[in-house]
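These notes concern the structure reproduced below.
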There are 2 protein chains.
Amino acid sequence: MIDPTARVPPYRQLAEIIRERIDSGQYPKGSRLPSEAEFMEEFEIGRNTARRAVGVLREAGLVETVKTRGSYVL
Amino acid sequence: MIDPTARVPPYRQLAEIIRERIDSGQYPKGSRLPSEAEFMEEFEIGRNTARRAVGVLREAGLVETVKTRGSYVL
DNA sequence: TCTCATTTGTTCGTATGTATC
DNA sequence: AGATACATACGAACAAATGAG
């Protein structure tokens, strides 16, 4: 899924994957995104990378993150 | 007891300490391990670290953890 | 039945150190 | 030098189940 050797860094690759899943309806509006731990497991990445990916989408206004709860699709 | 500056991280140091206590009979088979809160206090560590240490032993098959009850020596 | 403390499970926020490119 | 990544750690808050009373 994620290629660590690509020119685009892993956190951006993941952000793009999540964005596609949102666009496709796999992650519907209002639903909760997988947790950082789940992204870590699915994509075999560290927590930093998972967090940064979600952070990209948060700054882009696509998701909202609530402490101790998770991130939700807007 | 635990040296945060050692090359071996605290959670592994604690896992080793618990393992020794099991081997020595200080934590007998079938008995309940101290709770995470108790490990936190005794070793002055965070909950993460206590949990990870027990997790190491759980994955090693030395203990079994029951939600809301605790971890038991196998 | 109800309340309360205990205990593990989960989740995000933050910080540090090390390594790699 | 800078960006990126990983491992580790601490904290905080909440959930859920158990057990004591």
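In what follows, every chain begins at residue 1, and chains take the letters A, B, ... in the order their sequences are listed.
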Nearest-Å distance, [atom1] ([X]) to [atom2] ([N])?
X: Glu64(B); N: dT8(C); atom1: CD; atom2: P; result: 13 Å
X: Phe39(A); N: dC6(D); atom1: CZ; atom2: C1'; result: 19 Å
X: Tyr72(B); N: dT7(C); atom1: OH; atom2: P; result: 10 Å
X: Gln13(B); N: dA9(D); atom1: CD; atom2: P; result: 9 Å
X: Glu41(A); N: dA7(D); atom1: CD; atom2: P; result: 14 Å
X: Leu14(A); N: dC6(D); atom1: CG; atom2: C1'; result: 15 Å
X: Lys67(B); N: dA17(D); atom1: NZ; atom2: C1'; result: 6 Å
X: Glu36(B); N: dA5(C); atom1: CD; atom2: C1'; result: 16 Å

At less than 4.0 Å, is any side-chain N or O atom of [X] found next to OP1 or OP2 of [N]? Yes or no.
X: Arg12(B); N: dT8(D); value: yes
X: Ser71(B); N: dT8(C); value: no
X: Ser35(A); N: dT11(C); value: yes
X: Arg69(A); N: dA13(D); value: no
X: Tyr11(B); N: dA9(D); value: no

Applying salt bridge (Lys or Arg N to Asp or Glu O under 4.0 Å) to Glu36(B) and Arg52(B), what does each step give before you reach the verdict?
CA-CA 10 Å; Glu36(B) 294 167 355; Arg52(B) 288 195 67 173; over 6 Å; no
Scan [X] against the nucleic acid and name what it touches under 4.0 Å (heavy atoms): base, sugar-phosphate only, or nothing.
X: Arg51(A); answer: base
X: Arg32(B); answer: sugar-phosphate
X: Pro10(A); answer: sugar-phosphate

Heavy-atom nearest nucleotide on DNA chain D for Ala50(A) versus Pro9(B): which residue maps closer to 5'?
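It is Ala50(A), whose closest nucleotide lies nearer the 5' terminus.
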Find which nucleotide of DNA chain D each of Glu44(A) and Met40(B) is nearest to by heavy atoms, and output the residue with the more 5' nucleotide.
Glu44(A)
Between dA16(D), dC6(D), dA9(D), which one does the side chain of Asn48(A) approach most closely?
dC6(D)
Arg21(A) side chain to Tyr27(A) side chain, donor-acceptor N/O pair below 3.5 angstrom
yes
Which pair of non-hydrogen atoms, one from Gly70(B) and one from Arg32(B), has the smallest distance, and what is that distance?
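Scanning both residues completely, I find the closest heavy atoms to be CA-CD, 4.2 Å.
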Between Ile18(A) and Leu57(A), which heavy-atom pair has the shortest distance, and what is it?
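That would be CG2-CD1, 3.2 Å.
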Side chain Arg47(A) and base dT14(C) donor-acceptor under 3.5 Å:
yes
Passes side-chain hydrogen bond (donor to acceptor under 3.5 Å, both in side chains), Arg69(B) versus Tyr72(B)? Steps please.
CA-CA 9 Å; Arg69(B) 303 292 280 75; Tyr72(B) 297 84; 2.7 Å; yes
